[in-house]
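Here's the structure we're looking at; comments come further down.
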Amino acid sequence: MERYQIQPQFMKPQGLQEEVVVKKSFSVEGIAMGIGLGVLAVLLAPVVKRQIRPAGEAIASGIGALAQGARKWYEVTKEEVEDLFAEAQFERMKRSLDQEIEEPVQPPRM
């Protein structure tokens, strides 16, 4: 076992230093457990894949529906804004024409 002294970034009072113990060893039990987990992962992969695929398809379908809804909302909003600008432009043109009609016509001077 190796022992390391950790020096903190900030000052601690003397005598309060932390000690970390690092254990470096390979045991037969650890190797066997690693191999067992690997085999278990290989055996369970097809089962997990069958379970995850429908969920993935449902998520993709939901995202597609959400995107379609967002596009529709965008189109409706865009149309409403365009209508609003067209109405404002019409009102401005109408006021301008009304002002021209109301201005008194000056007879030509001779």
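This is a predicted model, so every value here is computed, not measured. Just the heavy atoms: all of them, side chains too, but no hydrogens, waters or symmetry mates, feed the values below.
With sequence neighbours excluded, no residue satisfies side chain to side chain contact (heavy atoms under 4.5 Å, CB included) with Q68. With sequence neighbours excluded, the residues satisfying side chain to side chain contact (heavy atoms under 4.5 Å, CB included) with K94 are F90, E91, D98.
With a 4.5 Å cut-off on side-chain heavy atoms, D83 and E80 do not count as touching.
The OG atom of S96 lies 10.0 Å from the CD1 atom of I101; values are rounded to the nearest 0.5 Å. In this structure, L37 CG and L44 CG are separated by 10.5 Å, a value rounded to the nearest 0.5 Å. Once rounded to the nearest 0.5 Å, the distance linking CG of L97 with CD of E102 reads 11.0 Å.
Other residues, nucleotides and ligands place no more than 12 heavy atoms under 6.0 Å from the CD atom of Q89.
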